[in-house]
Amino acid sequence: MKLREIQKKLNLNVLTAQDHMETEVHSAYTSDLLSDVMAHAQGGTLWITLQTHQNVIAVAKLKELAGVILVNNREPEEETRNKAEEENVPLLTTSENAFHISGKLYRLLGIEK
Amino acid sequence: MKNKENVLSQHYEINGGDFSNAGNISTQIKETLKELGIRSSLIRRAAIAAYEAEMNVVMYAHQGQFQFSLTPSTIHFTVKDLGIGIEDIELAMQEGYSTATEELREMGFGAGMGLPNIKRNSDQFQISSTPGKGTFLDIFFYLNQREK
Ligand SMILES: Nc1ncnc2c1ncn2[C@@H]1O[C@H](COP(=O)(O)OP(=O)(O)OP(=O)(O)O)[C@@H](O)[C@H]1O
Ligand SMILES: [Mg+2]
């Protein structure tokens, strides 16, 4: 499913990289540990996290993730937002917590074991 | 070891504590490998190792040097830093072991997965360290080898 469609269906706010919302999203990964995401997230994945630091963008870029969803209404730091814009990484926010947004995305993407 | 002809060699400096540029070296190396047409599964592994090595210098050292070279048969990283060094390398290599500060953990570091990620993703890996002085990593990827 395209990131744009996910964003609309889950009512996510788009903070950066508005013109990079056509990426195909295959899966999502929920984690607040950067090395865990480095190790386990696949390309084309949406990353769900509460981390707002700019190193999130470095990881997202390096792993070629589809985008980052910040949960619990967290606001990114200004450097994070700037870096995301520069590196064309869509940064999205939601008022929901990680459990709820992960569950909704799981259902939306039709991921079954 | 036989002498091999380098086709490419890059040198980068890393400043300890410089989180705003952290990840840039790994990103540049990744771009270079892509331009050179290295296969993507290998690029993914090399990028992970480069990132973790780069971050450890930013997190635990004052200053570091990242040397990247490419020969017809290998991708080679050496990462040398001046820093606090590692007392017990075996312990540091264990997944989950971390001495990251509370501040670093709040930023998402300190899973204790960096060194294990380097080992798992590389084809050859050596680490040596002198406490109080610094740490040295030697990391290889073989271009002409079956995927691990
Ligand atoms: N370059 C270094 N200089 C000094 N100590 C280091 C260095 N690299 C690693 N260490 C030590 O080894 C430990 C384990 O490193 P590792 O990269 O596996 O995990 P981490 O950096 O603590 O967390 P993560 O990489 O998951 O964010 C570190 O906590 C630190 O004590
Ligand atoms: Mg580390």
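Below, read A as the first sequence line, B as the second, and so on, with proteins coming before strands; counting in each chain starts at 1.
- Residue A:Glu22 qualifies as enclosed at atom CD: its count of foreign heavy atoms under 6.0 Å is above 12.
- By the rule that hydrophobic residues join a cluster once side-chain heavy atoms approach within less than 4.5 Å of another member, B:Phe109 and A:Val68 end up as members of one cluster.
- Note that the CG atom of A:Asp36 and the CG atom of B:Asn117 stand 8.5 Å from one another [nearest 0.5 Å].
- The candidate from A:Leu33, A:Thr49, A:Asn55 with the greatest count of non-hydrogen atom pairs under 4.5 Å with chain B is A:Asn55.
- The CG atom of B:Asn21 sits 8.0 Å away from the CD atom of A:Gln54 when rounded to the nearest 0.5 Å.
- In this structure, the portion of A:Asp32 lying under 4.5 Å from any heavy atom of chain B is its backbone and not its side chain.
- B:Leu82 and B:Tyr12 are assigned to two separate hydrophobic clusters, defined by single-linkage of ILVMFWY side chains at heavy-atom distances under 4.5 Å.
- Scanning all heavy atoms of the two residues, the minimum distance from B:Met107 to A:Leu34 falls at O-CD1, 3.8 Å.
- In this structure, chain A has no heavy atom under 4.5 Å from any part of B:Arg44.
- Heavy-atom neighbours of A:Glu78 CD from other residues, nucleotides or ligands within 6.0 Å: at or below the threshold of 12.
- Interatomic distance, B:Ser26 OG to A:Met38 CE, rounded to the nearest 0.5 Å: 7.0 Å.
- Of the candidates B:Glu95, B:Met55, B:Glu52, A:Ser35 forms a side chain to side chain contact (heavy atoms under 4.5 Å, CB included) with just one, namely B:Glu52.
- For the atom pair CD (A:Glu79) and CZ (B:Phe19), the distance works out to 13.0 Å, reported to the nearest 0.5 Å.
- In this structure, CD in B:Glu31 is found 5.0 Å from NZ in A:Lys61, a value given to the nearest 0.5 Å.
- Other residues, nucleotides and ligands contribute more than 12 heavy atoms inside 6.0 Å of the CD atom of B:Gln63.
- In the hydrophobic cluster analysis, where Ile, Leu, Val, Met, Phe, Trp and Tyr join through side-chain heavy atoms closer than 4.5 angstrom, B:Phe136 is grouped apart from B:Val79.
- Note: the hydrophobic cluster containing B:Leu91 does not contain B:Tyr60 (ILVMFWY, side chain heavy atoms under 4.5 Å, direct or indirect links).
- B:Met59 and B:Met93 fall within a single hydrophobic cluster, where Ile, Leu, Val, Met, Phe, Trp and Tyr side chains are chained together by heavy-atom contacts under 4.5 Å.
- Contact record, A:Ala39 with B:Arg120: CB-NH1, 4.5 Å, taken as the closest heavy-atom pair.
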